[in-house]
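Heads up, the thing below is written out as structure tokens.
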2 protein chains.
Amino acid sequence: MIDISRPFSLFCRCEVIYDGRAYSILEEGNYLIISKGDGSIQIHGGTNIQPRNYQGAKSKLELRGHLLISRNKKEIITIVVSKIINIAYLRYWSEAEINIKRTEQELVNKLFDNWGNYIDGEFETIQREYPTEYGPVDLVGIETNKTYHVIEAKRRRGTVANCTQLKRYLEAITTSTNLVKGYLASPQISDNAVKYLEKHGCKWLQIDFDI
Amino acid sequence: MIDISRPFSLFCRCEVIYDGRAYSILEEGNYLIISKGDGSIQIHGGTNIQPRNYQGAKSKLELRGHLLISRNKKEIITIVVSKIINIAYLRYWSEAEINIKRTEQELVNKLFDNWGNYIDGEFETIQREYPTEYGPVDLVGIETNKTYHVIEAKRRRGTVANCTQLKRYLEAITTSTNLVKGYLASPQISDNAVKYLEKHGCKWLQIDFDI
DNA sequence: ATTTGCATGTCGACT
DNA sequence: AGTCGACGTGCAAAT
């Protein structure tokens, strides 16, 4: 039998039905089911990182005969277990989170500290997290002649979506009395993003992480 | 010992170091490691659906003493295993995929089939997947007076990001000789999205899935 | 091989 | 509880 009160990893033959934001069926087969202490559950197939089905934290798991049922506010997963192949209960499962280095902040700091290496002009101020109607921009430098240089930094390849985000900031900052120049700063950039920038009079700043 | 040639689920005490798109450390603790037949590997902590660390398909796994090393083009995960608590080899792991109903396509079809219920006017044509510079739009209806009605459909709550996407399409379709009207069609919508639509002269079409 | 846009995205932060 | 933006987003389809 299965003890659903403890986190477990269960390899079994089963079929899965999901109903909620969408509706889906996973045909009968051998799958790995993981139930965690936060109430989340996921059903993994033999390929891909992503689970075939899942339910987030605070879901309620229930066992009814050979049915495993996980309920959420408006979602329900029903697992029809036909054969338990292997089950392990995972005791003292760590809940530590990963510690990430090389953040966007790091790039912003580099731009801030070496502003002159990237942008020419005589600047009054350089501000981080410059507030706009659509949220703060990473960096804004204001020239003595009131030209605003707006930088959006991305920690990896810049995309068109990043450019439209930049564009929105520019629209928010543009007024009748000041000029604006937009920059996307990132280690790499997609071709379409380059086109988009050119078309809208913006520039790409190539910037790398220090090793 | 661990047989890395077969898919497995391993619960062990370990520490994980990742280097690639970012750099991260996961402190020593008990984690569940899943290695799949496609070469992917993931390290799960005791909370959340998402793995703490992972490596996609076609990664190469290597065992060196108590080190599990997964390499990719430009990424590497090193798992320092200090104690194996439980290991299961997952045979005949199904690779079936889920069968999803209630898709965006379904909404587009509904709009297409009941166009008159949503938009007034005399129309020449209604096209699905109307091609633009920025990719195909879900639906475009062209009035006899050359007004283009451009619809972007979303299967759930519409966001500002969806609106900017719509805006891009509108820009691509607008010329000196035609008028355009933009619509975001979705079951729900965020307040900010509503504001954005109003500000840019677009509309929201409320549309539900049929039961 | 690269790019694009979707996703039952997930998740954290903030209102 | 709802909204918003970031993510090592993952992923498949199109180019």
Side-chain angles (χ1 to χ4, degrees), chain A residues 16-24 26 38 40 42-43 47-59 70 72-77 97-98 100-105 134-136 138 152-162 164-165 168 187-196, chain B residues 18-24 26 38 40 42 47-57 72-77 97-105 129 131 133-138 152-162 164-165 168-169 188-196 209:
Chain A
V16 185
I17 299 119
Y18 164 80
D19 198 359
R21 285 177 273 188
Y23 176 84
S24 78
L26 178 60
D38 63 354
S40 69
Q42 43 194 307
I43 296 100
T47 61
N48 292 359
I49 296 296
Q50 303 249 225
R52 294 296 195 269
N53 283 96
Y54 54 89
Q55 195 89 268
K58 292 177 191 166
S59 302
S70 172
N72 210 317
K73 268 249 153 44
K74 291 168 186 165
E75 297 172 302
I76 180 164
I77 282 184
E97 291 176 14
I98 59 168
I100 296 189
K101 325 278 186 187
R102 289 193 204 171
T103 62
E104 191 173 297
Q105 198 55 49
Y134 293 121
D138 291 329
E152 179 64 23
K154 288 295 157 193
R155 62 192 307 285
R156 42 192 245 95
R157 168 168 276 149
T159 65
V160 174
N162 301 149
T164 59
Q165 187 186 359
R168 258 195 288 157
Q188 287 130 26
I189 189 163
S190 76
D191 289 347
N192 277 26
V194 170
K195 283 180 207 158
Y196 191 98
Chain B
Y18 163 80
D19 198 359
R21 285 178 268 187
Y23 176 85
S24 78
L26 179 60
D38 62 354
S40 69
Q42 43 193 307
T47 62
N48 294 357
I49 297 295
Q50 304 249 218
R52 296 297 195 269
N53 282 97
Y54 54 90
Q55 195 87 271
N72 210 316
K73 269 244 153 47
K74 292 169 185 165
E75 298 172 300
I76 180 166
I77 282 183
E97 291 177 12
I98 59 169
N99 191 346
I100 297 188
K101 326 279 187 187
R102 289 191 206 172
T103 62
E104 190 174 298
Q105 196 56 47
E129 300 292 315
E133 187 185 348
Y134 293 121
V137 188
D138 290 329
E152 179 63 24
K154 289 295 157 192
R155 63 187 310 284
R156 41 193 248 96
R157 167 167 278 147
T159 65
V160 173
N162 301 149
T164 59
Q165 188 187 359
R168 258 195 289 156
Y169 291 142
Q188 286 129 27
I189 190 163
S190 75
D191 289 346
N192 277 25
V194 170
K195 283 181 206 158
Y196 190 97
F209 286 104

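Just so you know, these numbers use all the heavy atoms, side chains as well, and skip hydrogens, waters and symmetry mates. Residue numbers start from 1 in every chain, and the chains themselves are labelled A, B, ... in the order their sequence lines are given, proteins ahead of strands.
- For A:Glu152 and D:dA6, the CD to C1' distance is 11 Å, given to the nearest whole Å.
- A:Asp19 places its CG atom 14 Å from the P atom of C:dT8, with the value rounded to the nearest Å.
- In terms of phosphate contacts, A:Lys73 brings a side-chain nitrogen or oxygen within less than 4.0 Å of OP1 or OP2 of D:dA1.
- Residues B:Glu152 and B:Arg168 are not in side-chain contact: their nearest non-hydrogen atoms beyond the backbone lie 4.5 Å or more apart.
- Residues B:Tyr18 and A:Lys74 each lie close to DNA chain D; by heavy-atom proximity, the contact nearer the 5' end of the strand is made by A:Lys74.
- Legend: residues meeting side chain to side chain donor-acceptor pair (under 3.5 Å) with A:Ser70, ordered by chain and number and at least two apart, are absent.
- Considering only residues two or more places apart in sequence or on other chains, A:Ala161 meets the side-chain contact (heavy atoms from CB on, under 4.5 Å) condition with A:Thr159.
- Mapping B:Pro136 and A:Ile77 onto DNA chain C by nearest heavy atom places B:Pro136 at the nucleotide closer to the 5' end.
- Residues passing the salt bridge (charged side-chain N to carboxylate O under 4.0 Å, His left out) test with A:Arg21 are A:Glu75, sequence neighbours excluded.
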Look for any protein N or O under 3.5 Å of an N or O in nucleotides 3-5 of chain D and output each such pair with its distance, or none.
| unit_1 | atom_1 | unit_2 | atom_2 | d |
| --- | --- | --- | --- | --- |
| D:dT3 | OP2 | B:Arg157 | NE | 3.4 |
| D:dT3 | OP2 | B:Arg157 | NH1 | 2.2 |
| D:dT3 | OP2 | B:Arg157 | NH2 | 3.0 |
| D:dC4 | OP1 | B:Asn192 | N | 3.1 |
| D:dC4 | OP1 | B:Asn192 | OD1 | 3.0 |
| D:dC4 | OP1 | B:Asn192 | ND2 | 3.2 |
| D:dC4 | OP2 | B:Ser190 | OG | 2.8 |

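- Rounded to whole Å, the distance from CD1 on A:Ile43 to P on C:dT8 is 14 Å.
- Residues forming a side-chain contact (heavy atoms from CB on, under 4.5 Å) with A:Lys101 (at least two apart in sequence, or on another chain): A:Asn99, B:Tyr23.
- Rounded to whole Å, the C1' atom of C:dA7 lies 14 Å from the corresponding atom of C:dC11.
- Under the side chain to side chain donor-acceptor pair (under 3.5 Å) criterion, A:Asn48 pairs with no residue at all, not counting sequence neighbours.
- Residues that satisfy the side chain to side chain donor-acceptor pair (under 3.5 Å) test with B:Thr164, not counting sequence neighbours, are absent from this structure.
- Counting to the nearest Å, the C1' atom of C:dC6 and the CZ atom of B:Arg102 are 19 Å from each other.
- Spacing between atom OH of A:Tyr196 and atom P of C:dT3 amounts to 18 Å, rounded to whole angstrom units.
- B:Asn53 places a side-chain heavy atom less than 4.5 Å from the side chain of B:Ser24.
- Scanning for side chain to side chain donor-acceptor pair (under 3.5 Å) contacts around B:Ser190 gives an empty result, with sequence neighbours left out.
- Rounded to whole Å, the P atom of D:dG8 lies 22 Å from the corresponding atom of D:dC4.
- Backbone-only engagement by A:Arg155 is indicated by non-hydrogen atom pairs under 4.0 Å involving sugar-phosphate atoms exclusively.
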* Using a 4.0 Å cut-off on protein heavy atoms (strictly under), produce a 5'-to-3' string for nucleotides 10-15 of chain C with B for base contact, S for backbone-only sugar-phosphate contact, and - for none. => SSS---
Sort me out a list of protein N/O and nucleotides 13-15 of chain D N/O pairs below 3.5 Å, or just none if empty.
none

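- A:Tyr23 places its OH atom 14 Å from the C1' atom of C:dT8, with the value rounded to the nearest Å.
- B:Ile98 comes within 4.0 angstrom of a base, heavy atoms only.
- Atom CD of A:Glu75 is separated from atom P of C:dA7 by 15 Å (rounded to the nearest Å).
- Taking A:Gln50 as the reference, nothing meets the side-chain contact (heavy atoms from CB on, under 4.5 Å) condition, with sequence neighbours excluded.
- In this structure, the ring pair (Phe, Tyr, Trp, His ring centres under 6.0 Å) partners of A:Tyr196, at least two apart in sequence or on a different chain, are A:His200.
- A heavy-atom distance below 4.5 Å is found between the side chains of A:Pro51 and B:Ile49.
- For the pair A:Lys154 NZ and D:dG8 P, the interatomic distance rounds to 12 Å; values are reported in whole Å.
- Here B:Gln55 lies in heavy-atom contact (under 4.0 Å) with a base.
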